[in-house]
Each structure stands twice: as structure tokens, then as C-alpha cells.
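Written below as C-alpha cells is the structure these notes are about.
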Amino acid sequence: MLELDGVTSGYGAVTILQGVSLSVGEGEVVALLGPNGAGKTTTLRTISALLRPRAGRIRFNGQEITRAEPDAVVRLGLAHCPEERKVWPRMTVAENLELGAYTVSDRTAIRDRMEEVFTSFPVLRERRTEYAGRLSGGQQQMLAVGRALMSAPKLLLLDEPSLGLSPLLMQQVAGIIRAVHARGVSVLLVEQNISLALHLASRAYVLSSGRVVADSPTRALRADKTMLQAYLGG
Amino acid sequence: MLLGDILQFALNGVVTGCFYALMALGLSLVFGLMNIVNFAHGALFVLGGMLASEATNRLGLPFWAAVPAVLLVMWAVGVAIEGGLLARMRDAHILPVTLVTIGLSTFLVNTMLMLFGTEPKNVETGFSGPPFFLGDVIISQSRVLAIGVSAVAILATWVLIAHTRAGRAMRAVFQQPEAAALAGIPIARVHRFTFALGTTLAGLAGILLGAVFVVHPNTAEPAAVKAFVVIILGGIGSLPGAVLGGLLLGLAESLWGGFVSTGYMDAVGFVLVIAILLFRPSGLLGAPAAREG
Ligand SMILES: Nc1ncnc2c1ncn2[C@@H]1O[C@H](COP(=O)(O)OP(=O)(O)O)[C@@H](O)[C@H]1O
Ligand SMILES: [Mg+2]
């Protein structure tokens with residue numbers, strides 16, 4: 001479904017990703033792990049075309065998206081829930097969700113999806129007319145995930161969805177990722193919370209200094225003490 | 001008699017206030033949303049008036065045909081400036097961008113002096129019939145026209161920004177560009193649209209000024225400064241604030257000029273800004289976290 005083949009990418013004169021290759025299969029949950037500054041966010045930003053790769057190829061759903069524009073990538077069925085939520089603070093919860101479906105023109109589909117998001121996160125329904133900037137961190141995270149789901153993606157990129165959440169909310173987010181997965185959506189999950197990621201994903205890549213240093217089933221990774229200690233601080 | 005005078009000056013102030021409000025509304029889009037300190041805004045304002053003067057006087061177009069034609073040209077000018085200059089500097093620091101707009105202003109002002117001459121110009125409306133009398137208060141037909149057109153333009157802009165898909169996309173792009181790109185909003189098109197809208201509003205203000213008074217290229221730079229005064233007064237980023245600030249400044253200048261002295265009229269705005277910022281540091285309608293809509 002998603003394939004990166006030798007992708008090199010970075011900012012200005014600085015190259016961050018040094019030939020990253022990875023793949024996410026249909027209906028798979030894959031974790032992308034690694035220390036701070038390894039290039040995980042850069043990888044996701046390159047996939048969703050916020051950054052243009054300098055070398056290598058990216059394919060999604062059988063189509064080459066290496067040089068695509070971000071809106072074309074969204075239309076193909078890829079949604080990216082960015083690091084630090086990035087909700088629109090001075091727009092209401094409902095406006096945030098509607099804009100998540102900017103590429104969708106079918107009004108009924110938008111309404112149905114918003115209903116689904118409200119069912120998953122009832123607190124968003126209660127606060128639908130409030131500015132997103134007034135929500136708590138956890139509620140903003142729910143809104144960010146809900147917004148990403150509004151375009152009915154086939155693949156969801158999640159960048160540290162548990163950041164700043166209480167253990168209880170973290171469990172809730174984990175539940176949502178499972179529910180999204182159960183609906184047939186593939187997930188590429190970046191997480192600092194290693195145990196959460198290893199429980200949700202079936203496979204994991206470990207990234208270090210812009211290179212993939214491990215690609216293994218999470219079951220194996222959980223037992224691999226050297227790898228966990230060397231790269232993941234656990 | 002005194003009451004009649006007050007009403008007359010107030011009404012004159014509302015007319016001037018409409019010009020300020022339209023100018024400031026356009027600048028508020030460009031400065032408040034796009035974060036571009038556009039010193040060429042005054043030159044674009046004069047350009048609207050100059051083009052309308054040419055269209056009505058030299059080409060002899062009726063006012064109602066000239067206005068949409070000039071607004072279309074202003075839109076195209078906005079698209080060209082954004083595409084040719086500003087889009088190339090989107091990630092640049094605010095200072096070089098400001099220098100570019102100052103240069104653009106100088107270029108536009110001198111080009112207008114060269115093309116249209118150094119005489120002040122008026123816009124022919126065809127509304128030269130007798131003025132209306134409301135008790136002691138007199139108002140000319142062209143002033144009624146200016147107030148009416150301004151009100152419609154301000155309302156239309158508000159509906160566009162607060163209640164349409166395009167307006168929502170605009171707010172999204174300027175509040176959180178990365179999230180907007182990820183939602184599939186075409187960022188470059190939104191920048192172009194917003195700048196073109198700001199340019200067109202400035203042009204409309206210039207057209208109406210020419211219809212009531214006269215326009216001259218030398219007023220471009222003081223006009224730009226005044227528009228900045230208005231949006232600081234109203235609260236940066238607040239579109240209702242820009243409108244309110246414009247009306248307030250028009251009123252204050254007119255009453256000051258009528259009752260005190262016309263000598264210091266241009267200082268009124270600055271005094272008003274200082275006074276208001278002392279009590280409300282983020283302007284009349286600007287929340288500390290700035291709002292719009
Ligand atoms: N906008 C940027 N400009 C320049 N360098 C950046 C930018 N964003 C991130 N970096 C650098 O890229 C490297 C990888 O960052 P990132 O992809 O955010 O890592 P991670 O998400 O794995 O913590 C870091 O060294 C960071 O300093
Ligand atoms: Mg990161």
C-alpha cells in the first residue's frame with residue numbers, strides 16, 4: 001500500500017533522511033520508532049508531500065507520489081495527523097472537522113463521518129461550537145485524529161498521538177487506533193511510548209540518524225533487549 | 001444650529017470613515033492574515049481611483065460599467081504582485097518583504113505620475129443631481145453612493161470570510177499552514193486569492209474616494225500609513241476591528257477638523273491610537289490572542 005524506496009530528504013541544505021526504505025501493507029499497523037531527532041517526523045512529512053524527496057521513490061496504492069502535491073496525496077486516501085496536533089485554534093471544533101474533509105465534496109458523506117467522529121469522541125460533540133484553542137490537550141488530540149479521519153483515509157499517518165496525554169487518555173487513543181484499524185485502515189504510527197507502539201503494531205522500523213537500522217515484527221523487537229537499549233532507551 | 005453642525009460633521013466623518021474602513025479591511029487581510037507589511041497598499045488604493053478616473057473620463061464608460069472593470073483589473077494586479085514578488089518570498093523574514101513593498105509603492109506611484117500626470121483626478125459617477133436635505137444636514141448623491149457601496153462591500157467580505165468554504169480555507173491557511181496543507185487546501189492559491197482580495201478592496205476605496213473627492217498619487221503613502229493606524233486601532237487580525245477603527249478615525253478627524261482645527265487633522269489618528277492602546281493594548285476588538293471573523 002505504501003512503499004518508500006531509498007528516500008533522501010531534508011530541510012534547506014541539511015539532509016536528514018539518508019535513503020529510507022520502508023513499507024506498510026494493506027490493513028497493517030506499522031510502528032516507526034527511534035530516538036528524538038532520528039527523522040521520524042521528517043519521514044512522515046516527506047510521505048505526505050510537505051517535503052519533496054531529493055532522491056528515491058514513494059508509491060502509494062500503486063501510484064507514484066514522489067513529486068505529488070499534498071492535496072493530491074490526500075485525495076488518494078492518505079491522511080496525516082501531525083506532531084503537536086496543530087488544530088486551528090480560532091475555529092470551532094465543527095469547522096476543524098469540516099476542513100478535514102476539504103477534499104470531499106459529498107455533503108452527506110461529510111455529515112455521516114462527522115457523526116462517526118462524534119460517536120468515537122463524545123466530548124467533541126459536546127464542544128462542537130467552541131474554539132479548538134479552548135480544548136484541553138487530550139481533547140485537541142482527539143480532534144486532530146478525528147480531523148484526519150474526516151477524509152476517509154485508507155492509510156493514516158500518526159505522529160506521536162500520545163504526546164502529553166494522561167495514561168487514561170493514552171488508553172483511549174490506543175482504543176481509537178485499534179478501532180480505525182478494525183475498519184480496514186492501515187496505520188503508520190510514530191510513537192515515543194515504545195510499549196504502546198509495540199502493542200498496537202505488528203511490525204516496527206527503527207530509525208536512527210536518518211537511516212533504518214531495524215525492521216522486525218514487534219514480537220521479536222520486544223524481546224530484543226540490545227536493540228531496545230541501543231536505540232529506544234528502554 | 002450646533003446640533004446640526006455636529007450631525008453634518010459626523011456624516012462627513014462617516015463618508016471618510018468608509019474609505020478608511022475599506023482600505024483597512026483589505027490591509028487587515030494582507031497584514032493581519034498573511035503577515036505582510038504592505039506599504040504598497042496606499043498606491044494600490046490610488047491606482048483604483050486613477051483607473052476609474054481614466055475609465056469614466058477618458059473612455060467615457062458609465063460608472064456602473066467602470067467599477068466592475070476596474071475591480072477586475074485590480075484583482076489581476078493583486079494576482080501579479082503576489083505571484084511575481086511575494087510568493088517568491090513566502091519563507092523570508094518580514095523585513096525584506098517590507099522593503100520590497102516599499103519599493104513597489106515607489107514604483108507604482110511614479111508610474112502613475114508618468115502615465116496619468118500630476119493633476120488630481122476625479123471619478124465621474126453621473127450622480128451629480130441635487131443633494132439630499134435631512135433637516136439641516138446636507139448630503140450629496142455621490143456620498144450616499146459611497147456609503148452604500150462600502151456597506152455592501154464590507155458585508156460581502158464578511159460573508160465570504162466567515163461563512164464560505166473559501167473563507168474557511170483562508171483562515172485555516174493563516175492560522176496553521178501545515179495542517180491546512182495536510183487537509184488538502186491549496187496553500188499557494190489561497191495566498192494569491194487573499195492578496196488579490198485585499199488589493200481589490202483597496203482599489204474600491206480609491207474609486208469611491210475619487211467619486212466623492214479627488215485622488216492623487218502623492219496621497220498613496222500617507223494613505224498606507226493611515227490604514228496601518230486604523231488596523232492597530234481596531235486590533236490587528238480583527239476584520240470587524242478594521243471596519244470599526246476606520247469609521248472611528250473618520251468621525252474623529254471630521255469632528256476635530258470641524259470644531260477645533262484642520263491643521264492637526266492628520267495627527268488625530270495617532271493620538272487616538274496612543275489613547276486606545278493605553279487602555280486596550282491589543283486594540284479595540286483584538287483579543288490578546290487576536291481573533292477575526
Ligand atoms: N524545519 C526544520 N528545519 C531544519 N531542520 C529541521 C527541521 N525540522 C526538523 N529538523 C531537524 O531534522 C532532524 C530530524 O527531526 P525530526 O524528523 O523532527 O525527528 P523526530 O521526529 O524523529 O524526533 C533533527 O535533527 C531536527 O533538528
Ligand atoms: Mg517528531
Side-chain angles (χ1 to χ4, degrees), chain A residues 11-12 41 44-45 47-52 68-92 94-105 107 110 131-134 140 143-153 156-159, chain B residues 28-29 32-35 87-93 158-194 234-242 282-283 285-293:
Chain A
Y11 305 90
T41 298
L44 297 194
R45 301 183 83 224
I47 296 170
S48 51
L50 294 177
L51 294 173
R52 188 149 283 185
E69 292 295 324
D71 54 323
V73 176
V74 177
R75 275 175 231 274
L76 285 173
L78 195 148
H80 177 170
C81 180
E83 197 171 33
E84 293 165 349
R85 302 161 192 130
K86 304 214 162 77
V87 296
W88 292 291
R90 279 164 284 128
M91 290 208 242
T92 65
E95 279 184 312
N96 267 269
L97 291 174
E98 273 176 41
L99 274 169
Y102 185 82
T103 54
V104 182
S105 46
R107 301 298 309 169
I110 295 176
Y131 274 170
R134 294 182 171 271
Q140 288 189 12
L143 180 58
V145 174
R147 175 179 66 184
L149 292 173
M150 286 297 291
S151 63
L156 180 61
L157 312 181
L158 286 169
D159 200 342
Chain B
S28 188
L29 291 172
L33 286 186
M34 302 180 75
N35 213 15
R88 293 159 199 271
M89 311 187 70
R90 196 161 298 152
D91 300 320
H93 191 265
W158 174 73
V159 169
L160 173 74
I161 287 163
H163 293 289
T164 68
R165 186 176 131 93
R168 210 179 285 140
M170 270 164 75
R171 287 180 286 144
V173 167
F174 301 114
Q175 273 181 36
Q176 188 50 264
E178 180 164 333
L182 290 176
I185 298 170
I187 307 287
R189 279 218 323 259
V190 171
H191 276 259
R192 202 142 303 168
F193 180 90
T194 308
I236 292 169
S238 164
L239 300 180
S282 48
L285 299 183
R291 61 183 178 195
E292 81 278 330

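Here is the naming used below: chain letters follow the sequence lines, and residue numbers restart at 1 for every chain. Only heavy atoms go into these numbers, but all of them, side chains included; no hydrogens, no water, no symmetry mates.
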Spacing of CZ belonging to A:Arg75 relative to CD belonging to A:Glu69, to within rounding of 0.5 Å: 11.5 Å
Region of A:Arg85 that comes under 4.5 Å of a non-hydrogen atom in chain B: neither
Distance, nearest 0.5 Å, that separates CD of A:Glu83 from CD of B:Glu178: 9.0 Å
Top of A:Gly100, A:Ala148, A:Pro89, A:Ala79 for chain B proximity - count of heavy-atom pairs under 4.5 angstrom: A:Pro89
Leading residue by heavy atom contact count with chain A [cutoff under 4.5 Å; candidates B:Ala169, B:Pro186, B:Ala172, B:Ala180]: B:Ala172
Among the listed options A:Leu99, A:Thr103, A:Asn96, A:Val73, the residue most often paired with chain B at heavy-atom distances under 4.5 Å: A:Leu99
NZ or CZ of B:Arg168 within 45° of A:Trp88 ring axis and under 6.0 Å: no
Value rounded to 0.5 Å, distance of CG in A:Leu149 from CG in A:Leu156: 6.0 Å
Engaged part of A:Leu50 at the chain B interface, taking heavy atoms whose separation is under 4.5 Å: side chain
Which residues share a ring pair (Phe, Tyr, Trp, His ring centres under 6.0 Å) with A:Tyr102, sequence neighbours left out: none
